[in-house]
J.: 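Questions regarding the structure given below will be posed in turn.
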Amino acid sequence: MTAVATKSSAPADRKAGALGGRMPSWARVLLWVAVGFLAVSITSYQTGVPQLTSSGTVQAAVRLGIPILLAALGGLWAERAGVINIGLEGMMILGTWGGAWAGYQWGPLAGLVAAAVFGALGGLVHAVATVTFGVNHIVSGVAINLLGAGTAKYLSTLLFEPISRNPRESPPVPKFDTYSAQPLGTWLQQLEDLQRVGISDLAGILGGLVTEVSPLTMLAYLLVPVSYLVLWRSPFGLRLRSCGENPVAAESLGVNVYRYKYIAVIISGALAGIGGAALILNPGQAGYLEGQTNNRGYIGLAAMIFGNWRPSGLLGGAALFGYADGLQLRSGETSVHALLYAATLLLVVVVAVQLWRRMWFGAGVALVFAAVTYAVYWFTDELPDELTAYTPHLVTLVILAAASQRLRPPAADGLQYRRGED
């Protein structure tokens, strides 16, 4: 009897030990978010640069992060079905043109629908090339980017030039209205104006999130939990993800792999097209402008990878890249320079964590980076415009390099599939 009781309790003991000995992933994420907020808050007051946590910076970050978020969601849908979508940039370009064309004639809601349709057409072309004809996914994606840019340029010359007198831009396009949470926004603004460490920083961040929010922004944030529920909590999502993990096994269980790949890539294109519409229909942009996506499709792909092919993770990546982009637009020379101080503080925390884990090499590397970052901050007063303009791209490279050790893409991502082949 005693032996039986001991044996049956062993698994429970191991489970309790595992739960008690390792922090859940969501708790680790929240902890690092808190550490990052504390570092930026301290930096804001130590350097005298309140723009780091001001409501204006957060509003700009949200506006600039929404296209990246939507492109990242598009990449998530395609790659969870096993199709690499490098063509997100081209699909976004098609979305910007379609949104401007329909928005100019029939209003912002029609522009949003048209942007999704144009992006979905780009996704359909990518699906035909990769799924039906077995074209290399990277080659097809690059072709979509070239095709999207060329198509938008041709259509802009054909339809916009007679009105705007410029083949590279559209006439002004109507925007979505924006909404603010009042009187909450006013109260948060008052707290921000007090300039108290921590309290004013938190008020500035929250104030930026609830002030002048457009319906398109609300839709983008709503699509994150919707994507999670569809892909991870529905039979449809299970079948779609099985196509990206093991399409041969999925086909043997009756899943039409071709159909699910087509659906996923078309949805991917539609989401990227909506991301392009966010550059047109949200306040801050007159209309379509050639080159206005500025590689946001690629940054969205990086945000998806940073998020480890998960909706919650890519939301954090898009927020980070949007923040870097918004910061460089608001007195970027001094704001981005002050951010080096915050980066130094974060690296010091990383050194402490690595030492606590007895990972000496990692601690040494982090310490070297901390010393170099602080040296750049100490010996310079501001960063040149040529460097701050590429802040989002530099952040993309650094984040991907740091996150590369823990990434787990879908097992069959990018592999060609032929029905009946092993």
Side-chain angles (χ1 to χ4, degrees), residues 60 62-75 85-126 141 143-161 163-164 166-176 214-217 219-220 223 266-301 303 318 321-322 325 329 392:
V62 170
R63 177 172 57 85
L64 295 169
I66 290 303
I68 297 173
L69 172 63
L70 289 164
L73 281 173
N85 194 356
I86 297 292
L88 290 170
E89 179 77 7
M91 297 170 196
M92 285 189 75
I93 294 173
L94 291 173
T96 58
W97 190 90
W101 171 70
Y104 171 73
Q105 299 185 76
W106 301 297
L109 185 58
L112 178 62
V113 174
V117 171
F118 272 76
L121 289 175
L124 177 61
V125 173
H126 187 49
I144 294 295
N145 291 335
L146 297 174
L147 179 65
T151 301
K153 185 178 183 65
Y154 171 76
L155 293 176
S156 180
T157 303
L158 184 67
L159 299 177
F160 288 156
E161 185 177 15
I163 305 172
S164 64
N166 188 338
R168 301 183 61 185
E169 65 179 353
S170 71
V173 178
K175 314 295 182 190
F176 281 109
S214 77
L216 185 49
T217 300
L219 173 64
L223 286 172
I266 291 172
I267 292 176
S268 173
L271 289 170
I274 296 173
L279 295 169
I280 302 294
L281 304 176
N282 274 339
Q285 183 71 38
Y288 168 82
L289 181 64
E290 187 177 317
Q292 70 191 136
T293 55
N294 194 24
N295 298 319
R296 285 184 174 87
Y298 298 111
I299 297 177
L301 195 64
F321 300 139
D325 203 3
L329 290 178

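Heavy atoms only: backbone and side chains are in, while hydrogens, waters and symmetry mates are out. As the structure is a computational prediction, the values presented were derived from the model and not from experiment.
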J.: Can you tell me how far apart CG (Leu279) and CG (Leu64) are? Round to the nearest 0.5 Å.
T.: 8.5 Å

J.: For Gly300 and Ala71, work out which heavy atoms get closest and say how close.
T.: CA-CB, 4.1 Å

J.: Side chains of Ser164 and Ser170: closer than 4.5 Å at any heavy-atom pair?
T.: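 Heavy-atom side-chain distance check fails, nothing below 4.5 Å.
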
J.: Would you say Glu169's side chain and Glu290's backbone share a donor-acceptor pair under 3.5 angstrom?
T.: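 Not at all, since once roles are kept as given, no pair shorter than 3.5 Å links the two residues.
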
J.: Measuring from atom CG of Leu73 to atom CD1 of Ile267, what distance do you get when rounded to the nearest 0.5 angstrom?
T.: 11.5 Å

J.: Aromatic contact between Phe160 and Trp97, with the criterion being ring centroids under 6.0 Å apart: yes or no?
T.: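 Centroid distance Phe160-Trp97: below 6.0 Å, so yes.
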
J.: So, the side chain of Asn282 versus the backbone of Leu216: is there a donor-acceptor pair under 3.5 Å, distance only?
T.: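 Here the side-chain-to-backbone pair does not exist.
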
J.: Has Thr96 got a side-chain atom pairing as donor or acceptor with Ile93's backbone, closer than 3.5 angstrom?
T.: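 Yes.
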
J.: In the structure I gave you, are the side-chain heavy atoms of Thr217 and Arg63 within less than 4.5 Å of one another anywhere?
T.: no

J.: For Tyr154, which of Leu158, Thr157, Thr151 qualifies under side chain to side chain contact (heavy atoms under 4.5 Å, CB included)?
T.: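 The option that passes is Leu158.
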
J.: Measure the CE-CZ distance between Met91 and Phe118 for me, rounded to the nearest 0.5 Å.
T.: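 Output value for this atom pair is 14.5 Å.
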
J.: Are Leu301 and Asn85 packed together at the side-chain level, in the sense that at least one heavy-atom pair is separated by less than 4.5 angstrom?
T.: no

J.: Report the residues that fulfil side-chain hydrogen bond (donor to acceptor under 3.5 Å, both in side chains) with Asn294, sequence neighbours left out, ordered by chain and then residue number.
T.: none

J.: Taking all heavy atoms of Ala278 and all of Ile66, pick out the closest pair and write down the distance.
T.: CB-CG2, 3.9 Å

J.: Side chains of Leu219 and Phe176, heavy atoms from C-beta outward: is any pair under 4.5 Å?
T.: no

J.: Short question: side chain of Glu161, backbone of Pro167 - any donor-acceptor pair under 3.5 Å?
T.: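 Checking the backbone N and O of Pro167 against the side chain of Glu161, no donor-acceptor pair under 3.5 Å is found.
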
J.: What pair of heavy atoms forms the shortest contact from Gly75 to Ser268, and how long is it?
T.: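 What the structure gives for the nearest pair is N-OG, 3.9 Å.
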
J.: Specify the closest pair of heavy atoms between Ala116 and Ile274, including all atoms of both residues, with the distance to one decimal.
T.: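 Reported closest heavy-atom pair: CB-CG1, 3.8 Å.
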
J.: Decide yes or no for Tyr298 and Ile86: does some side-chain heavy atom of the first lie under 4.5 Å from some side-chain heavy atom of the second?
T.: yes

J.: Please give me the minimum heavy-atom distance between Gly74 and Leu88, naming the atom from each residue.
T.: C-CD2, 4.1 Å

J.: For a quick test of reading the model, state the closest non-hydrogen atom pair linking Ile163 to Pro171 and the distance between them.
T.: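 Of all heavy-atom pairs spanning Ile163 and Pro171, the closest is CG2-CG, 3.8 Å.
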
J.: Between Lys153 and Gly148 (side chain of the first, backbone of the second, donor and acceptor by atom type, cut-off under 3.5 Å), is there such a pair?
T.: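 Between the backbone of Gly148 and the side chain of Lys153 there is no qualifying donor-acceptor contact (under 3.5 Å).
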
J.: Taking atom CE of Met92 and atom CG of Asn145, what is their separation to the nearest 0.5 Å?
T.: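 Output value for this atom pair is 11.0 Å.
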
J.: Is any side-chain heavy atom of Trp101 closer than 4.5 Å to a side-chain heavy atom of Leu155?
T.: no

J.: What verdict does the side chain to side chain contact (heavy atoms under 4.5 Å, CB included) test give for Gln292 and Ile280, after you've listed the backbone C-alpha separation in whole Å, the side-chain angles of each residue and the deciding distance to 0.1 Å?
T.: CA-CA 9 Å; Gln292 70 191 136; Ile280 302 294; 3.2 Å; yes

J.: Might you work through the side chain to side chain contact (heavy atoms under 4.5 Å, CB included) test for Leu271 and Leu223, ending with a clear yes or no?
T.: CA-CA 9 Å; Leu271 289 170; Leu223 286 172; 3.7 Å; yes

